[in-house]
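By convention in this document, chain letters (A, B, ...) are assigned in the order of the sequence lines, proteins followed by strands, and residues within each chain are numbered from 1. No hydrogens, no waters, no symmetry mates; every other heavy atom, side chains included, goes into these values.
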Number of protein chains: 2
Amino acid sequence: MPAANARFCPPPAMPHRAAAPAGARKAATHLVDAFDRRILELYRQNTRLAADAIGEAVGLSATAVQRRLKRMREHGVIRAEVALVSPAALGLDTTCIVGVDLEREGPEALDRFRARMARCRQVTQCYYVTGASDFVLIVQVENMNAFVDFTREWLTPDENVLAFTTQVVMDRAPAG
Amino acid sequence: MPAANARFCPPPAMPHRAAAPAGARKAATHLVDAFDRRILELYRQNTRLAADAIGEAVGLSATAVQRRLKRMREHGVIRAEVALVSPAALGLDTTCIVGVDLEREGPEALDRFRARMARCRQVTQCYYVTGASDFVLIVQVENMNAFVDFTREWLTPDENVLAFTTQVVMDRAPAG
DNA sequence: AGTGAAACTTTGGCACT
DNA sequence: AGTGCCAAAGTTTCACT
């Protein structure tokens, strides 16, 4: 198997909080009907699709599709519209999955750790989980040296990090 | 902590292969210069940004920005432009991280398993990794019952699946 | 929800550095 | 090569029916 690793660059990673105005998001409960679902199914995969084409596919006029998209954006059903960038093109050839064990697991310690990871550009996803570890991180770096640097800067110095286990990604499926 | 789980719906999950014409992708080596990087930095997070605004930010005309975006799309630097949908809005309230151990790990067995997972709608990411397990899956489902259904349909019946471990996601950070 | 016109963004050609 | 300017084509957005 070729040394092809990560295929997609991480989702956009909530850039500056300014991009997500605090009050702008609603509960996003089931205010999506069958039409909305079909629109999302298409639009989710390709935001360059014209409302015209979507409308034809789902049996609605272009304007109706636009209105629904706008409503779903405002209601937080659509959280963001982003570009998936090839990590390789940016020189990020290595993906690691890191399980982190914390020493203390109080609410404030969890929040502190999560906030730290959110500030870290290498961490593209951060899950707080039950089970074997407390957190699971998806880390995107240039190479293994950069990964070691990452651990020395963000994990090892953290007194609350008891231990961590690393799995290096050899290949990744887009998973449709 | 509230039972808020996943915040974002999975990246688009390479829909139908038709969307990525086989011959259309190039090596995506370092044909990105400093301008391209700055454009991507902005555009990646928000594809609704007008080329005009990007151009102003990076010191280029709108046309130049458009041209560069087009080139990066053709060269596979930009793999896709997708919408991040709130999983909760779609009724997908539960995310699990599953480590899978395979019995046999030959190339053909790996490919078979990966292909299987790619066909499975619940699996939004699938990593082939070194270390404790062979694969790591990110699984998005309605609730825990649906997760059990998932394992009974996709993991347990697979003779090559030796064992799997599940971590339930309680919260997820966008991770900037 | 659908139809129109206005505003916008993207795409093309052409001259320039 | 790549960029900038300007006009055409397309798309989105806004009235109104």
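- Judged purely by distance below 3.5 Å, without hydrogens or angles, the side chains of Gln122(A) and Glu153(A) never pair a donor atom with an acceptor atom.
- Regarding Leu60(B), its CG atom lies at a distance of 17 Å from the P atom of dA1(D), rounded to whole Å.
- You'll find that the side chain of Arg67(B) is closest to dG13(C), out of dG2(D), dG13(C), dG2(C).
- Base-pair partner of dC16(D): dG2(C) (Watson-Crick or G-U wobble, both distances under 3.5 Å).
- Side-chain proximity of Thr63(B) to dT13(D), dA1(C), dG12(C): nearest is dG12(C).
- Tyr43(A) and Phe35(A) fall within a single hydrophobic cluster, where Ile, Leu, Val, Met, Phe, Trp and Tyr are joined by side-chain heavy atoms under 4.5 Å apart, directly or via other members.
- dG10(D) atom C1' lies 15 Å from atom CG of Leu49(A), rounded to whole Å.
- Going from atom CZ of Arg73(B) over to atom C1' of dT11(C) covers 11 Å, rounded to whole Å.
- Straight-line distance from the CD atom of Glu74(A) to the P atom of dT13(D): 10 Å, rounded to whole Å.
- Counting only heavy atoms from C-beta on, Ala51(A) has its side chain closest to dT12(D) among dT12(D), dT13(D), dG2(D).
- Look at Arg114(B) and Asp111(B) and you find a salt bridge, because one of the NZ, NE, NH1 or NH2 atoms lies within 4.0 Å of a carboxylate O, short of that distance.
- Using a 4.5 Å heavy-atom threshold, the side chains of Arg71(B) and Asp36(B) count as touching.
- In this structure, CZ of Arg71(A) is placed 18 Å from C1' of dC14(D), rounded to the nearest angstrom.
- Checked against dT13(D), dT10(C), dG2(C), the side chain of Ala64(A) finds its nearest nucleotide in dG2(C).
- A donor and an acceptor atom, one from each side chain of Gln167(B) and Thr130(A), are nowhere located under 3.5 Å apart.
- At dA1(C), one or more side-chain N or O atoms of Arg68(A) fall inside 4.0 Å of OP1 or OP2 (strictly under the cut-off).
- Minimum atom distance to the side chain of Gln66(B) is reached by dT10(C), of the listed dG2(C), dT10(C), dG4(D).
- Taking the side chain of Ala50(A) as heavy atoms from C-beta on, and the options dT3(D), dG2(D), dT12(D), the nearest nucleotide is dT12(D).
- One atom, NE2 of His75(B), and another, P of dA1(D), lie 12 Å apart when rounded to the nearest Å.
- Residue Lys70(A) places no side-chain N or O under 4.0 Å from the OP1 or OP2 atom of dT12(D).
- In this structure, Asp52(B) places its CG atom 20 Å from P of dT11(D), rounding to the nearest Å.
- The interatomic distance linking Arg48(A) (CZ) with dT9(C) (C1') rounds to 11 Å, in whole Å.
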